[in-house]
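Working notes for the structure below.
Quick caveat, the model's predicted, so the values are computed rather than measured. Letters go in sequence order (proteins before strands), and every chain restarts at 1.
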There are 2 protein chains.
Amino acid sequence: MSTLPVFERARIADGGPAPLYLKLKRLVIDAIAQGTLADRDAIPGERDLARMLGISRVTVRKAFADLVADGVLVQRRGSGTFVAPKTGRIQLPLSRLTSFTEDMRLRGIETFSDWLDRSVALPTPEESLVLALSPGDKVIRLHRLRRADGKPLAIERSSIPHRFLPDPMAVETSLYAALTERGLKPVRALQRLHAVALSKGDADLLGLPEGSPALFTERVAYLTDGRVIEFTRSHYRGDSYDFVAELHLAAGS
Amino acid sequence: MSTLPVFERARIADGGPAPLYLKLKRLVIDAIAQGTLADRDAIPGERDLARMLGISRVTVRKAFADLVADGVLVQRRGSGTFVAPKTGRIQLPLSRLTSFTEDMRLRGIETFSDWLDRSVALPTPEESLVLALSPGDKVIRLHRLRRADGKPLAIERSSIPHRFLPDPMAVETSLYAALTERGLKPVRALQRLHAVALSKGDADLLGLPEGSPALFTERVAYLTDGRVIEFTRSHYRGDSYDFVAELHLAAGS
DNA sequence: CAGTGGTCTAGACCACCGA
DNA sequence: CGGTGGTCTAGACCACTGG
């Protein structure tokens, strides 16, 4: 077994207080991102790694279990642990769902936004709950009508805790760009989606008859520390928008 | 702490050779399916449970970790472990490739199928294209009405190359089970979904008015060697289904 | 405050794989 | 055969939640 500077004791001992298995996960992900570890590369055995890093094997296994669940590593009993081969497309962390902007840009379609609301407001009970607001906290509302080729495609209603983004007018086109400038990058999100019939008001905005089918999505985005940064509800025209997802076989069960 | 016959030592000691944490998972899932455990019910503490079952706390935690990942349980630090509340809609994971039947069972929902079509047929041009069929190849059609609690939930139309599954009658309840028996396990799939208004025929099958909103999905599943094994189009009732996705943002961008 | 889940340790035995 | 991952144990300390 070689020294493998990637997995030196120091790389995990310092760096502030954080669970060891999370530090190890980050170590592996960064090494892959930087090319130090390539596709199908072998990772040292769990016992070796534990010894090298000065932690217990159980902790190594916990980190590896997460990384396998995320599709970053693959494990073969009796053989070893390896960097998962890429399936053709970029998929650094994993399971990505294409977003409005990305998807449209991919198709070479230029998109525009009309602001329906861009204000500071008192939160609704739902916003308070989802954004984990304290009493008295305010929210920023960013409601937009998304258009492409002059045709309305979607209504997007985002709420952000006021303390994260004091001025709603700071958001010009991309909410995520505005957040990133402030060092508030969402790293994880949960999205729920289902089909609904459009209300009269939303149907008018999208230029459709009342009751037309639409894809309704609710997304909650989180920062690295687990705080909720964004709550967005969107209505996509059923006839104009496709969501695409890549599914992987569940590893554990 | 009460005795809770659900979690008696005997329930996990016998029952053949299998990992203890898998036995415990099954125990919890079955209890929810049978109504012994209901929504939001508290599960005994990890230490209590370990003592009651005569296993270690780490093993209990491993089982619980899986169940939390599957959305069956929720855990709150300092508070306890609880049966995940049902959200009114059935939640389907968008990033994991799962069997409908198994996924519903995991949530304690018993499902039934009415066959609409189960035959060998000549492929449509679309089927030929998607399944990469050679001229003369036939397909198996498996069209089903999915029901739960007597209520129609979804229409599912699967096409499988005839050479993979000679006899359509071999599929009793789970298509994936039938495929797996033949060593044909899908490992990856691409799924497209959008909102549609139901046609008269489909609306009738689902017991809804014509034009009701539904989630339409098209899924193409692949074997490890990249061959297409399955092409499935489904219509899910808009009022009964949530698709849930966990999104990760690329580290670089 | 007592009880909870979250993390971590240092062992152990097993089934499997490849040389 | 030795090395691998897969499972399991019996402890321990921490941060958090609730009454």
Side-chain angles (χ1 to χ4, degrees), chain A residues 1-2 4 7 9 12-13 15-28 40-69 71-84 132 134 224-227 250-253, chain B residues 1-2 4 7 9 12-28 40-69 72-84:
Chain A
M1 110 198 186
S2 62
L4 279 189
F7 297 113
R9 207 184 192 98
I12 213 171
L20 292 173
Y21 78 93
L22 287 182
K23 287 185 183 176
L24 176 50
K25 278 183 68 176
R26 169 82 31 186
L27 203 65
V28 172
R40 295 165 203 277
D41 274 3
I43 306 282
E46 296 173 351
R47 292 167 184 79
D48 286 349
L49 204 46
R51 205 178 320 115
M52 287 153 68
L53 294 170
I55 63 181
S56 89
R57 186 185 163 212
V58 177
T59 303
V60 172
R61 279 186 64 72
K62 169 128 177 103
F64 279 17
D66 281 15
L67 291 168
V68 167
V72 175
L73 300 179
V74 293
Q75 293 192 297
R76 285 195 289 275
R77 167 162 44 183
S79 175
T81 302
F82 309 85
V83 177
S134 306
T224 46
D225 59 10
R227 286 182 300 175
S253 49
Chain B
M1 110 197 186
S2 61
L4 279 186
F7 297 113
R9 207 182 190 99
I12 213 172
D14 62 346
L20 291 174
Y21 78 94
L22 287 182
K23 287 185 183 177
L24 176 50
K25 277 184 68 175
R26 171 96 13 194
L27 202 65
V28 172
R40 294 164 203 277
D41 274 4
I43 305 282
E46 297 172 349
R47 294 166 183 79
D48 287 347
L49 203 46
R51 206 178 318 116
M52 286 152 68
L53 294 170
I55 63 181
S56 90
R57 186 183 163 214
V58 177
T59 303
V60 172
R61 279 186 64 72
K62 168 124 177 109
F64 280 16
D66 280 16
L67 291 168
V68 167
V72 175
L73 300 179
V74 293
Q75 292 192 299
R76 284 195 289 274
R77 167 165 44 184
S79 175
T81 302
F82 308 86
V83 178

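- Contact annotation: A:S79 does not reach the phosphate of C:dG18 (side-chain N/O to OP1 or OP2, under 4.0 Å).
- With sequence neighbours excluded, the residues forming a side-chain hydrogen bond (donor to acceptor under 3.5 Å, both in side chains) with A:K25 are A:D66, listed by chain and number.
- Contact annotation: A:Q75 does not reach the phosphate of D:dT4 (side-chain N/O to OP1 or OP2, under 4.0 Å).
- As rounded to whole Å, 10 Å separates atom P of C:dT4 from atom CZ of B:F82.
- For B:S79, there are no side-chain hydrogen bond (donor to acceptor under 3.5 Å, both in side chains) partners, not counting sequence neighbours.
- Residue B:Y21 has a polar side-chain atom (N or O) positioned under 4.0 Å from OP1 or OP2 of D:dT7.
- Between C:dG6, D:dT7, C:dC8, one nucleotide has an atom nearer to the side chain of A:R57 than all others, and that is D:dT7.
- For the pair B:E46 and A:P19, nearest-nucleotide mapping onto DNA chain C gives the more 5' position to B:E46.
- Contact annotation for B:R61: base contact, defined as any heavy-atom pair under 4.0 Å involving a base atom.
- Between A:T81 and D:dT4, a side-chain N or O to OP1/OP2 separation shorter than 4.0 Å is absent.
- Put simply, A:S56 has a side-chain N or O that comes within less than 4.0 Å of OP1 or OP2 on C:dT9.
- For A:R47, taking side-chain heavy atoms from C-beta onward, the closest of the listed nucleotides D:dG6, D:dT7, D:dC13 is D:dG6.
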